[in-house]
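Here's the structure we're looking at; comments come further down.
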Amino acid sequence: MSDNISVIPLEITKSIIDTFRVQLSVKAEVKVETKAASDALVSGPINLDIVSLMGIKSSRFVGSLALGFPLATFLAVLEKMLGERFDAITTENADACSELLNIVYASARMKINEAGFDFQPAIPSTVSGKEVSLPLGQFSSYMHFDGQSEIGPFVMAFSLKRVE
Amino acid sequence: MFDVKTKILVIDDMMTMRKIVIKNLKELGFSDISEAADGALGWKALEEANPPVQLVISDWNMPNCSGLELLKKVRGDARFAKLPFVMLTAEAEAAQVKEAVVAGATNYILKPFTADTLKLKLEQSHKKVLGGA
């Protein structure tokens with residue numbers, strides 16, 4: 001079994017860019033950095049209004065992956081995805097965030113597993129509200145994906161720890 | 001290609017993805033499109049449809065009844081044994097693709113996808129159905 005965990009953020013980054021390009025017809029760039037999770041928040045320099053989160057696991061690792069958007073970016077995402085304009089995040093349209101995270105993870109997972117891992121499928125859940133943040137309590141650090149796109153900024157966060 | 005009057009059932013637990021598929025189908029000229037939010041509701045829609053559904057586009061990972069479970073149920077029922085059934089999924093691992101083919105999927109669309117990809121896959125599915133007729 002591979003321990004080359006550097007392949008994971010690399011494939012996630014590629015998958016984000018590819019998902020934005022194909023599903024949204026939007027160019028995106030991602031800057032990855034490791035951050036201490038002492039603040040236990042997925043937030044970064046922008047306020048997030050919607051975040052989807054999934055727990056991920058393999059035979060040797062557990063972790064989490066999150067994707068978040070500020071309101072303006074998410075409304076633009078919806079317009080790109082659905083061809084309709086929305087004024088707010090609703091229980092109906094919020095699942096677009098989950099769907100995007102699902103696509104990003106599934107696409108990345110295939111490549112990651114080809115590199116010797118055995119990550120399992122996962123189901124995302126979504127929270128929305130004013131300035132959403134998420135606890136990443138069980139992890140000492142996480143990888144922060146600072147995303148910039150033609151339709152606005154977005155954030156991904158990824159954390160992983162070895163199963164004892 | 002399938003006739004634009006083809007009766008299509010789109011099944012996905014994500015409203016967003018159903019809307020994307022339906023939007024793309026409408027752009028291709030299709031208009032007789034219904035939807036269901038999981039495999040169990042999809043099966044109900046198939047059984048109740050009159051006239052019958054002529055093409056199913058279904059997600060794989062769904063609560064209650066997955067796309068694969070629905071596909072097996074469909075292929076096990078003489079009424080729907082030859083119904084074109086296209087799987088839509090973000091999972092691209094070879095073993096999963098093989099599982100869908102073995103279960104009788106007509107074709108397989110990987111997310112993310114473009115309108116052009118959907119069109120191509122439907123054209124391939126139509127040819128396959130004609131070839132098997």
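First the proteins, then the strands, lettered A, B, ... as listed; each starts at 1. Everything numeric here is computed off the predicted structure, so don't read it as measured data.
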Hydrophobic cluster membership, [X] vs [Y], 4.5 Å side-chain cutoff:
{"X": "B:I11", "Y": "A:L82", "value": "no"}
{"X": "A:L100", "Y": "A:Y105", "value": "yes"}
{"X": "A:I112", "Y": "A:L101", "value": "yes"}
{"X": "A:V104", "Y": "A:M143", "value": "yes"}

Which region of B:N24, side chain (C-beta onward) or backbone (N, CA, C, O), has a non-hydrogen atom less than 4.5 Å from a non-hydrogen atom of chain A, or is it both or neither? neither
Could you tell me the separation between the CG atom of B:D12 and the CG atom of A:D95, rounded to the nearest 0.5 Å?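 Interatomic distance, B:D12 CG to A:D95 CG, rounded to 0.5 Å: 8.5 Å.
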CE-OG1 distance between B:M15 and A:T91, expressed to the nearest 0.5 angstrom: 8.5 Å
If one checks every heavy atom of A:S98 against chain B at 4.5 Å, the contacting part turns out to be both
If you count heavy atoms of other groups shown closer than 6.0 angstrom to [atom1] of [X], is the number above 12?
{"X": "A:R85", "atom1": "CZ", "result": "no"}
{"X": "A:Q148", "atom1": "CD", "result": "yes"}
{"X": "B:L120", "atom1": "CG", "result": "yes"}
{"X": "B:K7", "atom1": "NZ", "result": "yes"}

What I'd like to find out is whether the side chain of [X] reaches to under 4.5 Å of the side chain of [Y], using heavy atoms alone.
{"X": "B:K111", "Y": "A:T19", "result": "no"}
{"X": "B:K19", "Y": "A:M81", "result": "no"}
{"X": "A:I103", "Y": "B:M17", "result": "yes"}

So which of A:R21, A:E99, A:E92 has the largest heavy-atom pair count under 4.5 angstrom toward chain B? A:E99
So which heavy atom on A:A96 is nearest to which on B:T16, and how close?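 In terms of heavy atoms, the two residues are closest at N-OG1, 3.1 Å.
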Closest approach of A:Q23 and B:I20, non-hydrogen atoms and distance? NE2-CG2, 4.0 Å
Could you tell me whether A:E84 and B:K23 make a salt bridge, using a distance below 4.0 angstrom between a side-chain N and a carboxylate O?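 Here A:E84 does not pair with B:K23 in a salt bridge, since their nearest N and O are not under 4.0 Å apart.
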